[in-house]
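Structure first, commentary second.
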Amino acid sequence: MDPLSGFAKRKLKLQKEEQTKKLAGSPIQFIKPNTLVVSDTLSAVAVHTVAYIVNKNEDNNLETNNAENACVSLKKVLRPLLVLLNNLINEKSDRAAESKGLLHLIDFNFIFNLVMFCYILGLFKNTSDYLQNVNAEMAKSLTLISSIKTVFQIRKIDSFFGPSSYAIRAETETTTNKKLKLKVDNATENEEWEVQSNYDSSVDPDNNSSDSDDCQQLNDLQEIKNLDLENLYQKQVTEIQIENVSKIGPSDITHIVSDQPTQPILKNYPQSKFGKEWRQFRPKWFKSYPWLEYSVLDNACYCFPCRFFSSESDNSPFYKIGFKNWKKALDKNAGIKGHNKSCIHKTCMMKREGYNNSKKTKSILSTLNEKNISLVKENRYYISVIAEILLFTACQNMAQCGDDEGAESLNRGDFLQLLELCARRDTRFKAKIGVLPKNAKYTHHTIQNDLFYVMSKLVSETIAKEVKEAKYFAILADETKDISKTEQLSIMVRYYHINNTMNERFLGYVPCNELNAKALFNYINKTLTDCRIDIKNCIAQTYDGAFVMSGKQNGVRSIFQQHVPQALYTHCFNHKLNLVIVNVCKNIPEIETFIALLQQLYNFVSRSTVHTKFIELQNKYLPKKENMELKRLCETRWICKISACIAVKKTFPVILLLLHQISLETKSEKQMEAKSLLFHINFEFIFCLYLFCDTISEIKIVSDYLQKPDSDLSSSCLLVESLINYLMDLRNTPNKFEDLLKEVELCTQKNNIQLLNEKVKEIRFRKLPKQFSSYLTEIATAENRKISNYNDIKTMIFFPVLDRMVNELNRRFSDNNAILTGISSLNPKSDSFLNLSNIKPLLEHYKLDIESLESELKLVTKVIKRHEVENNIQIKNILDLMQLLEKYKLAFSEMYILCTISIIILPSSAGVERTFSSLRQIKNYMRNKMTNKRLTNIAILSVEKK
């Protein structure tokens with residue numbers, strides 16, 4: 001059955017007549033912004049026509065799912081369809097009648113509705129497709145919706161110019177029945193269809209100007225249609241985007257929209273001949289028409305707003321070529337007056353006014369955008385205050401959380417209390433925190449963890465960046481147990497930065513589930529990998545003397561060198577010095593007794609009642625000196641013994657007076673302890689006290705230097721060597737012992753302590769019988785080592801202490817002797833400075849070019865001398881030498897690398913020992929449930945606060 005036979009034909013005809021009556025005055029009526037009333041004829045004809053074409057011509061690939069797709073498909077084949085139906089009329093078949101019926105229905109109203117319907121569907125489809133995109137943004141969505149609303153605001157439509165392939169040209173004729181002739185491009189040249197138009201009677205029939213308001217609205221609509229999403233979004237966000245610079249017109253007129261029109265006032269303007277008369281431009285026209293501008297180069301006038309705001313289809317001479325017909329300049333319907341009355345000019349004037357107003361009062365989208373930017377700034381300010389508070393608490397090792405953080409609690413924790421303090425002092429912060437909901441104040445501990453992570457990550461990235469710039473680095477690590485009994489491995493790196501400074505940077509704590517060498521190495525390697533530091537650039541490693549760390553076969557040191565062969569291991573010099581003192585204290589009985597007596601004095605004076613008297617006596621008898629506290633002894637704490645000795649030496653008279661007063665008390669346990677301590681404080685004790693204060697003070701100088709971050713191995717070796725020479729000189733010089741003995745005698749006399757009697761006969765001890773010598777071994781004890789004279793002091797205390805110190809120093813600081821000697825040879829203060837034979841083992845270890853260095857050494861000495869003479873300074877250490885070589889880095893490349901390596905090799909692991917102090921302050925008894933991740937992040941911020 002044909003699609004338009006029988007009842008369908010009659011129904012379509014009735015519907016067409018009804019719609020023609022309803023739509024008189026406008027082919028399309030907009031009831032609501034999203035409701036479009038379209039002639040039913042359009043849908044019906046579209047469906048039946050497409051079905052007809054599909055059934056009769058199966059080659060056409062068209063969609064017939066619904067009316068919308070049918071209209072879009074019909075628009076695409078409109079011209080071939082008209083040609084096809086025109087050809088079928090002449091055939092003698094049923095198709096001829098059907099074709100005539102279809103041609104009768106396809107009139108101007110039909111074509112207009114078809115084009116408009118397809119266009120509006122396209123707008124909705126583009127908007128819908130964008131809104132369904134997962135990346136859709138609110139600003140763009142609002143922009144697209146506003147563009148549709150702009151289209152719906154159009155009320156008067158005389159003609160619509162569709163795509164160029166179907167450009168419909170409407171020619172208005174001022175006839176009584178108001179007929180329109182439609183010419184379809186690309187069709188047969190003489191083919192025309194006269195159709196009835198629902199012409200709007202409100203339009204002035206005499207106004208045939210090409211720049212009419214109605215056509216301009218359609219042009220605006222067409223421009224909106226052709227905009228893509230990105231361009232449309234950009235135009236809306238930037239408040240009606242228009243070009244600020246116009247390329248139209250000569251160079252001597254205004255080309256910037258924000259400027260004023262060019263209106264030059266000349267005495268004489270160029271004249272042009274029109275017939276027999278000469279005419280010229282009049283400057284008084286500037287006052288009558290402020291939009292007018294004049295070009296001296298072209299001797300023409302232009303319209304300033306039209307050049308910037310008019311479309312390219314504007315053929316007015318005021319737009320591009322310039323108006324020069326001065327004879328008709330003031331005609332009523334032409335020239336300047338005519339242009340001033342035209343709709344295009346008025347529209348451009350309105351656009352210019354809108355543009356100027358947009359600079360003063362911004363558009364809605366711009367206002368929304370500004371509010372959004374303001375909101376973002378407020379949010380960033382709010383979160384920055386929270387981050388600064390957290391950073392402050394981390395750097396000060398303060399607890400963030402409290403036991404009770406409720407609103408009624410008097411102490412909600414340091415973090416929340418600081419927030420309240422900031423809110424009271426900062427109105428901007430208070431206003432923001434007041435409007436936020438309770439579940440979005442960003443104060444929860446999970447948010448705190450995130451902020452701590454971000455801030456510590458920034459620090460770690462900065463460290464990694466500096467390490468990459470320095471290239472070479474050394475690793476130092478040590479392990480300790482925190483308050484929750486978790487083994488924490490502290491890891492640091494040392495490198496020489498390009499700003500001529502030595503840096504020791506903390507990378508974090510690693511909780512250790514295993515403490516074997518392989519597991520510890522994996523922890524170190526993973527930490528370096530997480531920080532994006534290449535382990536292959538490690539040139540040295542420094543640990544304490546624990547076997548799991550320093551073992552030559554299966555320690556972390558050996559596993560590390562399997563992966564990085566050039567990573568030289570150095571045992572921490574501070575640990576070595578401490579072991580020297582510990583060895584002396586344990587292997588000489590008199591010194592062991594002396595150290596035990598120091599500890600008993602500390603324990604006795606530390607009692608509350610005794611300590612109060614001790615402070616009172618200091619204030620009474622030593623009023624000009626600051627009160628001193630006795631120090632507790634600890635084997636693992638470096639040079640704590642020297643602090644204890646110095647404290648006892650400075651407060652010695654007060655200690656004796658305190659013990660004497662307490663010994664006179666009756667019926668007191670403290671009385672017996674005081675008498676016992678007074679009995680053991682004799683000449684021997686005072687001599688050991690003065691000897692330790694003298695010898696260990698020199699060791700303390702070396703230890704303090706080793707704990708500095710900028711200490712270097714060569715200077716440390718020289719200091720150790722100087723310490724050994726000092727101790728040997730003290731032992732071998734007789735006057736040194738005599739001077740020390742005089743100081744001790746003076747102290748004993750001042751404090752009424754008995755001196756040693758040189759005339760006392762030597763006490764004979766009972767010897768072991770000969771018959772038992774084969775079965776028993778006699779061991780010397782403190783009883784049979786009693787000191788009775790000065791010679792015993794010298795042979796039993798003075799010499800053994802110094803000899804053991806020197807022997808221990810020589811034994812413990814002889815590892816890697818050849819490499820250490822090479823590093824020492826790079827120190828300007830060394831006697832073997834720049835000695836190639838000493839430096840050669842160091843070169844071979846790090847695989848540097850020996851021949852190049854040999855030639856560089858011949859020149860570098862001259863450069864150093866010249867530098868010292870010209871600048872009147874002296875190069876004292878490797879760091880000074882590095883600063884000099886920085887200028888000649890290209891000339892002395894091998895020397896520069898060698899000095900860089902030497903200065904990076906660290907002599908001590910004091911840096912990681914300092915991080916243990918931060919660990920005890922951060923994770924204390926009140927914060928023992930802290931997670932390891934939070935602990936590491938806070939520790940990085942605390943240690944690297946600088």
Side-chain angles (χ1 to χ4, degrees), residues 374-461 480-488 490 506-513 530 914-946:
S374 176
L375 180 62
V376 170
K377 289 182 179 179
E378 292 296 328
N379 293 339
R380 289 180 177 178
Y381 177 77
Y382 176 77
I383 206 69
S384 66
V385 173
I386 293 178
E388 288 178 3
I389 293 175
L390 291 175
L391 181 61
F392 174 80
T393 58
C395 292
Q396 299 301 320
N397 298 325
M398 298 167 57
Q400 289 79 33
C401 303
D403 294 334
D404 184 6
E405 295 185 349
E408 299 178 356
S409 176
L410 298 178
N411 186 4
R412 303 175 63 194
D414 294 335
F415 173 64
L416 293 180
Q417 292 296 124
L418 286 172
L419 277 180
E420 292 181 1
L421 177 62
C422 291
R424 288 196 298 269
R425 305 293 296 179
D426 189 348
T427 56
R428 181 182 178 186
F429 181 76
K430 182 179 181 180
K432 185 63 180 178
I433 200 174
V435 299
L436 291 176
K438 293 183 178 181
N439 61 347
K441 292 186 181 295
Y442 297 94
T443 57
H444 194 259
H445 63 87
T446 56
I447 303 297
Q448 296 177 21
N449 293 338
D450 293 339
L451 291 175
F452 280 133
Y453 171 76
V454 171
M455 291 186 287
S456 64
K457 191 68 175 178
L458 293 175
V459 176
S460 300
E461 289 176 354
T480 189
K481 188 178 293 184
D482 61 19
I483 192 67
S484 63
K485 310 303 180 183
T486 302
E487 299 289 345
Q488 300 285 354
S490 178
F506 178 61
L507 299 183
Y509 298 122
V510 180
C512 302
N513 298 324
D530 293 342
R914 284 190 288 269
T915 63
F916 295 160
S917 300
S918 298
L919 175 63
R920 295 184 183 94
Q921 293 174 5
I922 297 171
K923 193 172 183 179
N924 52 31
Y925 176 77
M926 298 297 293
R927 306 165 70 186
N928 57 2
K929 298 298 183 181
M930 183 184 299
T931 61
N932 289 316
K933 186 176 180 181
R934 184 185 179 103
L935 170 64
T936 298
N937 294 333
I938 295 177
I940 290 175
L941 298 175
S942 175
V943 175
E944 298 296 335
K945 65 181 68 176
K946 295 182 180 180

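Note that these values count all heavy atoms, side chains included, but never hydrogens, waters or copies made by symmetry.
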**Item:** Partner set under salt bridge (Lys or Arg N to Asp or Glu O under 4.0 Å) for E944, not counting sequence neighbours
**Value:** R505

**Prompt:** Would you find a donor on one side and an acceptor on the other, under 3.5 Å apart, between the side chain of D426 and the backbone of C422?
**Reply:** no

**Asked** Which residue pairs satisfy the ring pair (Phe, Tyr, Trp, His ring centres under 6.0 Å) criterion with at least one member in residues 923-945, sequence neighbours excluded?
**Response** none

**Asked** Residues two or more places apart in sequence or in another chain: which of them pass side chain to side chain donor-acceptor pair (under 3.5 Å) with T446?
**Response** H444

**Item:** All side chain to side chain donor-acceptor pair (under 3.5 Å) counterparts of S490, not counting sequence neighbours
**Value:** T915

**Item:** Partners meeting ring-ring contact (aromatic ring centres under 6.0 Å, His included) with F429 (sequence neighbours left out)
**Value:** Y382

**Request:** Name all residues meeting the ring-ring contact (aromatic ring centres under 6.0 Å, His included) criterion together with F506; count only those two or more places apart in sequence or in a different chain, and write none if there are none.
**Result:** Y509

**Request:** Compare all side-chain heavy atoms of N937 with those of N449 and state whether any distance is below 4.5 angstrom.
**Result:** no

**Message:** Looking at S409 and E405, would you say the former's side chain and the latter's main chain have a donor-acceptor pair under 3.5 Å?
**Reply:** no

**Atom pair CG/CZ of L390 and F415 - distance to nearest 0.5 Å** = 4.5 Å

**salt bridge (Lys or Arg N to Asp or Glu O under 4.0 Å) against E420, all qualifying residues, sequence neighbours excluded** = R412

**Request:** Would you sort out whether I922 and S942 count as a side-chain contact (heavy atoms from CB on, under 4.5 Å), showing the intermediate values?
**Result:** CA-CA 9 Å; I922 297 171; S942 175; 4.1 Å; yes

**Message:** Please evaluate residues N379 and I383 with respect to the criterion side-chain contact (heavy atoms from CB on, under 4.5 Å), reporting the C-alpha separation (whole Å), side-chain torsions for both, the decisive distance (0.1 Å), and the verdict.
**Reply:** CA-CA 6 Å; N379 293 339; I383 206 69; over 6 Å; no

**Smallest separation among heavy atoms of K945 and C395, with atom names** = NZ-O, 2.7 Å

**Item:** Side-chain heavy atoms of D404 within contact of N411, under 4.5 Å
**Value:** no

**Prompt:** Given the rule in the side-chain contact (heavy atoms from CB on, under 4.5 Å) test, do L416 and Q400 qualify, once you have shown the distances and angles that lead to the verdict?
**Reply:** CA-CA 8 Å; L416 293 180; Q400 289 79 33; over 6 Å; no

**Asked** In Å, rounded to the nearest 0.5 Å, how long is the span from CE of M398 to CG of D414?
**Response** 4.0 Å

**Prompt:** Minimum heavy-atom separation for I938 to A394, with atom names?
**Reply:** CG2-CB, 4.0 Å

**Request:** Take T931 and L935 through the side-chain contact (heavy atoms from CB on, under 4.5 Å) test and state the conclusion after the steps.
**Result:** CA-CA 6 Å; T931 61; L935 170 64; over 6 Å; no

**Message:** Under the salt bridge (charged side-chain N to carboxylate O under 4.0 Å, His left out) definition, can you give me all pairs with a residue in residues 918-943, not counting sequence neighbours?
**Reply:** D482-K923

**Request:** Check side-chain contact (heavy atoms from CB on, under 4.5 Å) between C512 and all other residues, then give those that pass, not counting sequence neighbours.
**Result:** E487, L489, L515, L520, Y523

**Message:** Going by the rule ring-ring contact (aromatic ring centres under 6.0 Å, His included), which residues pair with F916 if we only count those two or more places apart in sequence or in a different chain?
**Reply:** none

**For D450, all residues meeting salt bridge (Lys or Arg N to Asp or Glu O under 4.0 Å), sequence neighbours excluded** = none

**Request:** For residues 427-447, pull every pair meeting salt bridge (charged side-chain N to carboxylate O under 4.0 Å, His left out), keeping only residues two or more places apart or in separate chains.
**Result:** E378-R428

**Message:** Quiz question: by atom type and distance under 3.5 Å, do the side chains of T480 and Q488 form a donor-acceptor pair?
**Reply:** no

**Message:** For N924 versus I483, what's the shortest heavy-atom pair and its separation?
**Reply:** O-CG2, 3.5 Å

**Message:** Tell me if a side-chain donor or acceptor on Q448 pairs with a main-chain N or O of T443 at a distance below 3.5 Å.
**Reply:** yes

**Prompt:** How long is the gap from CG on L919 to CG on N397, to the nearest 0.5 Å?
**Reply:** 10.0 Å

**Request:** Check whether any side-chain heavy atom of Q396 lies under 4.5 Å from a side-chain heavy atom of F392, and answer yes or no.
**Result:** yes

**Message:** Just so I know, are the side chains of I940 and S460 near enough to count as touching, which here means a heavy-atom distance under 4.5 Å?
**Reply:** yes

